[in-house]
Amino acid sequence: GVWRQTRALLFKNCLIKCRTKKSSVQEVLFPLFFLFWLILMSMMHPHRKYDEVDNTNLGPLDASMLVNFVIGYTPPTRMAREIMKKVAFDNFEDDIVTEEYLSEEELQEASAFKPSNFVGVVFKDDMSYQLRFPDSIAMSSIYMESR
């Protein structure tokens, strides 16, 4: 039963492939052609790798740029408050103003109404954070070159 049906189906498929040689060859060659084309395109546009940047002394920070600088952060946890206190008072004294927000949505709303010297900090946990800049700041194109 099953073996005879399988053998008949295999024989039928072989007959069809032999009778339609042009389409059978196309089924094999088109994927190989596209694979060759992809390899050729990837060789023409190689990915750039950037080396490590050595630790260097960048010199003193120009504090005149940080006058009335506003840093908003969320969530207002104990660790976030300590970090922001260290950033604002230990390094720059009275030049930086820190504001805490209860949620990331409040931070985004505040950044829309604040001037361009506002930066948001969203703490994901005690050791990681994300920076939120206003839309007017141009982002670096270093990582946009090769998509």
Side-chain angles (χ1 to χ4, degrees), residues 2 5-6 9-10 12-14 16-147:
V2 174
Q5 287 178 354
T6 305
L9 184 62
L10 183 64
K12 180 186 106 175
N13 287 339
C14 287
I16 290 172
K17 291 295 179 188
C18 289
R19 290 178 185 166
T20 58
K21 289 180 182 161
K22 182 180 178 183
S23 66
S24 299
V25 169
Q26 287 177 348
E27 285 179 12
V28 173
L29 291 182
F30 275 155
L32 292 176
F33 170 74
F34 288 125
L35 180 65
F36 170 75
W37 187 254
L38 284 172
I39 291 171
L40 183 67
M41 293 301 289
S42 69
M43 288 171 50
M44 289 174 61
H45 300 286
H47 295 288
R48 290 190 178 162
K49 296 190 179 192
Y50 297 98
D51 293 332
E52 251 180 50
V53 177
D54 294 332
N55 292 336
T56 57
N57 185 6
L58 298 176
L61 182 64
D62 184 13
S64 65
M65 293 178 59
L66 299 175
V67 174
N68 297 327
F69 199 75
V70 180
I71 300 178
Y73 64 95
T74 187
T77 60
R78 182 184 62 79
M79 184 61 77
R81 284 186 187 108
E82 288 179 18
I83 291 171
M84 297 312 293
K85 179 182 167 188
K86 186 172 267 317
V87 167
F89 298 115
D90 291 353
N91 296 324
F92 303 109
E93 291 143 14
D94 296 329
D95 296 333
I96 293 181
V97 177
T98 59
E99 298 175 354
E100 62 181 43
Y101 295 94
L102 297 176
S103 67
E104 193 171 346
E105 290 78 23
E106 285 184 24
L107 180 73
Q108 288 176 347
E109 288 175 14
S111 69
F113 297 111
K114 298 280 183 178
S116 63
N117 60 351
F118 181 85
V119 174
V121 181
V122 178
F123 288 95
K124 296 299 178 187
D125 55 35
D126 288 345
M127 298 303 288
S128 64
Y129 61 90
Q130 290 181 338
L131 298 177
R132 304 279 194 244
F133 293 100
D135 294 334
S136 63
I137 295 178
M139 299 305 286
S140 173
S141 64
I142 292 173
Y143 301 108
M144 300 298 287
E145 193 168 308
S146 174
R147 292 182 187 228

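Owing to the predicted nature of the structure, the values given are computational and were not obtained by experimental measurement.
- Between the CZ atom of Phe33 and the CG atom of Leu38 there is a distance of 10.0 Å, given to the nearest 0.5 Å.
- Nearest heavy-atom pair across Phe123 and Ile83 is CE2-CD1, 3.9 Å.
- In terms of heavy-atom proximity, Thr20 sits nearest to Ser23 at O-OG, 3.2 Å.
- Looking at Val121 and Leu131, their side chains come closer than 4.5 Å, going by heavy atoms from C-beta outward.
- Using a 4.0 Å cut-off between charged nitrogen and carboxylate oxygen, Glu82 and Arg78 count as a salt-bridge pair.
- Taking SG of Cys18 as the reference point, atom NZ of Lys21 lies at 6.5 Å (rounded to 0.5 Å).
- From Leu107, atom CG reaches atom CZ of Phe118 across 5.0 Å, with rounding to the nearest 0.5 Å.
- By the 4.5 Å heavy-atom criterion applied to side chains, Asn13 and Leu9 are counted as neighbours.
- The two residues Pro75 and Ala80 have their closest heavy-atom pair at O-CB, 3.5 Å.
- Remark: Glu106 pairs with Tyr101, Leu102, Ser103 by the side-chain contact (heavy atoms from CB on, under 4.5 Å) rule, at least two apart or across chains.
- From Gln108, atom CD reaches atom OG1 of Thr74 across 10.0 Å, with rounding to the nearest 0.5 Å.
- Residues passing the side-chain contact (heavy atoms from CB on, under 4.5 Å) test with Met43 are Ile39, sequence neighbours excluded.
- Residue Lys12 places its NZ atom among 12 or fewer non-hydrogen atoms of other residues, nucleotides or ligands, all under 6.0 Å distant.
- Partners of Glu109 according to the salt bridge (Lys or Arg N to Asp or Glu O under 4.0 Å) rule, which considers only residues two or more places apart in sequence or in another chain, do not exist here.
- Side chains of Glu100 and Met84 form no contact here, defined as non-hydrogen atoms less than 4.5 Å apart.
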